Peer 1: 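To start, I am sharing the structure in question, which I have written as structure tokens.
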Amino acid sequence: MSRIEFKDVRHAYPPPAGQAPVYALKEISQVWEDGGAYALLGPSGCGKTTLLNIISGLLTPSEGSILFDGRDVTQQPTAARHIAQVFQFPVVYDTMTVFDNLAFPLRNRGMPEARATERVTEIAEMLDLSDRLHQRAAGLTADGKQKISLGRGLVREEVNAILFDEPLTVIDPHLKWQLRSKLKELHQQIGVTMIYVTHDQVEALTFADQVVVMYDGGVVQVGTPVELFNRPKHTFVGYFIGSPGMNVLPCKLENGQPVFANNLLSSGYPADADLSGKLEIGIRPEFVRFGDDGIPVEIQKVEDLGRYQVVTVKHEAEQIKMLVGEDEAIPAASPMIQFDPENLHIYRDDWVVETHNA
Ligand code: ADP
Ligand code: MG
């Protein structure tokens with residue numbers, strides 16, 4: 001097991017002839033503590049797979065270094081790093097049995113057969129593969145094959161970390177939930193560092209203690225699910241996490257204080273706070289309420305989600321989403337809304353402005 005550290009890592013894939021390199025990863029310095037359960041969350045193309053491949057050594061970064069427990073492994077090959085990696089699509093030997101597939105990484109490293117059998121039996125049990133151990137992998141469904149891939153990632157005992165790259169993509173939705181909780185459980189049992197890549201916030205938030213949010217080749221915030229919800233450092237985090245995501249609305253300055261729709265928004269900003277540049281407010285739908293005064297709006301849409309209704313309202317050109325309890329009335333005439341000042345954030349060029357009460 002290891003603490004994994006990136007120091008000023010950047011990566012550009014070789015560009016087409018005559019073109020300047022484009023960085024798929026921009027300057028990442030980041031620590032994954034030993035034994036942590038991390039998710040790497042971000043949209044397709046933001047650099048998640050590139051980052052995982054740099055940890056495992058499938059890729060050498062263009063710049064920067066990777067340390068395992070303080071030891072520089074940047075130039076070390078995959079085999080020397082003792083990392084297990086589970087890919088998005090199953091990697092199995094079709095002609096081998098399920099048992100032999102699972103035993104492969106162990107036999108390969110010279111584990112005595114009796115101990116290997118013990119490990120394989122344990123892992124198969126966990127993944128509900130016990131009754132198929134002596135079938136050929138070729139006969140399994142995509143789900144079954146991906147479970148083998150997961151098993152091969154989990155079976156080795158002496159690894160520095162286990163990396164999962166969107167491992168549930170081909171798994172049936174009803175099985176997804178089950179496997180996700182199994183992985184979480186397993187992390188609690190074996191305590192090895194796990195990094196779980198996904199573009200799905202629900203997967204990230206249920207699996208991880210710490211979520212690393214990536215956007216456009218960079219890490220924009222690292223935090224617990226609660227921190228990411230309560231205090232998104234970047235507008236992208238607010239928008240990407242939450243359902244629906246945070247409202248991001250333009251605001252202007254009056255007498256040095258941020259104002260939206262003639263409403264003074266907060267007095268918590270230090271007098272010397274730099275509020276130049278593109279100014280926006282961020283307020284989650286959970287913290288927008290109907291009131292007797294406030295910002296006049298038009299109601300555009302009401303969606304009933306059972307316990308909640310998502311209400312879309314409009315003030316001038318701005319659309320605002322709000323979450324309203326199932327029992328709460330939606331005003332019929334001249335609706336007005338209010339923002340909860342405790343949960344309102346100001347962003348300057350997409351980054352949150354720190355307040356006195358933060
Ligand atoms: P993610 O896993 O988050 O979807 P990737 O790490 O696969 O993102 O890709 C990040 C960026 O690098 C994308 O713009 C992608 O097109 C580019 N990229 C990925 N792999 C290669 C490659 N082998 N050659 C050139 N560009 C690549
Ligand atoms: Mg990927």
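Just so you know, these numbers use all the heavy atoms, side chains as well, and skip hydrogens, waters and symmetry mates. Each ligand, and each atom within it, is numbered from 1 in the order the structure gives. Values in this document were obtained by computation on a predicted structure and should not be read as measured data.
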Peer 1: Please check atom 27 (C) of ligand 1 for a protein heavy-atom neighbour under 4.0 Å.
Peer 2: yes
Peer 1: Could you identify the single nearest non-hydrogen protein atom to atom 22 (C) of ligand 1 and state the distance to 0.1 Å?
Peer 2: Y13 CD2, 3.4 Å
Peer 1: Would a 4.0 Å cut-off, counted as strictly less than, catch a protein heavy atom around atom 16 (O) of ligand 1?
Peer 2: no
Peer 1: Which heavy atom of E280 sits nearest a heavy atom of P250, and at what distance?
Peer 2: CG-CA, 4.2 Å
Peer 1: Would you say the Mg ion (ligand 2) has T49 as a near neighbour, meaning an N/O/S atom of that residue under 2.8 Å away?
Peer 2: yes
Peer 1: State whether F207 and R180 meet the cation-pi test: NZ (Lys) or CZ (Arg) under 6.0 Å from the six-membered ring centroid, and within 45° of the perpendicular axis.
Peer 2: no
Peer 1: Heavy atom of S44 under 4.0 Å from ligand 1?
Peer 2: yes
Peer 1: Counting only heavy atoms, tell me which of T50, L25, I54 gets closest to atom 6 (O) of ligand 1.
Peer 2: T50
Peer 1: Would E113 and R107 pass as an ion pair if we require N to O under 4.0 Å?
Peer 2: yes
Peer 1: Of all the non-hydrogen atoms in the protein, which one sits nearest to atom 8 (O) of ligand 1, and at what distance?
Peer 2: G47 N, 3.2 Å
Peer 1: Between K184 and D209, does any NZ, NE, NH1 or NH2 come within less than 4.0 Å of an OD or OE carboxylate oxygen?
Peer 2: yes
Peer 1: Return yes if some donor-acceptor pair links the side-chain N/O of K182 with the main-chain N/O of M126 below 3.5 Å, else return no.
Peer 2: yes
Peer 1: In the protein, which heavy atom is nearest to atom 7 (O) of ligand 1, and how far is it?
Peer 2: T49 CB, 3.8 Å
Peer 1: Are Y196 and Y38 an aromatic pair by the rule of ring centers under 6.0 Å?
Peer 2: no
Peer 1: Is a salt bridge present between R3 and E33, judged by a nitrogen-to-oxygen distance below 4.0 Å?
Peer 2: yes
Peer 1: N/O of A24 under 3.5 Å from N/O of ligand 1, yes or no?
Peer 2: no
Peer 1: Could you tell me the residue and atom name of the protein heavy atom closest to atom 1 (P) of ligand 1, and the distance to it rounded to 0.1 Å?
Peer 2: G45 N, 3.5 Å
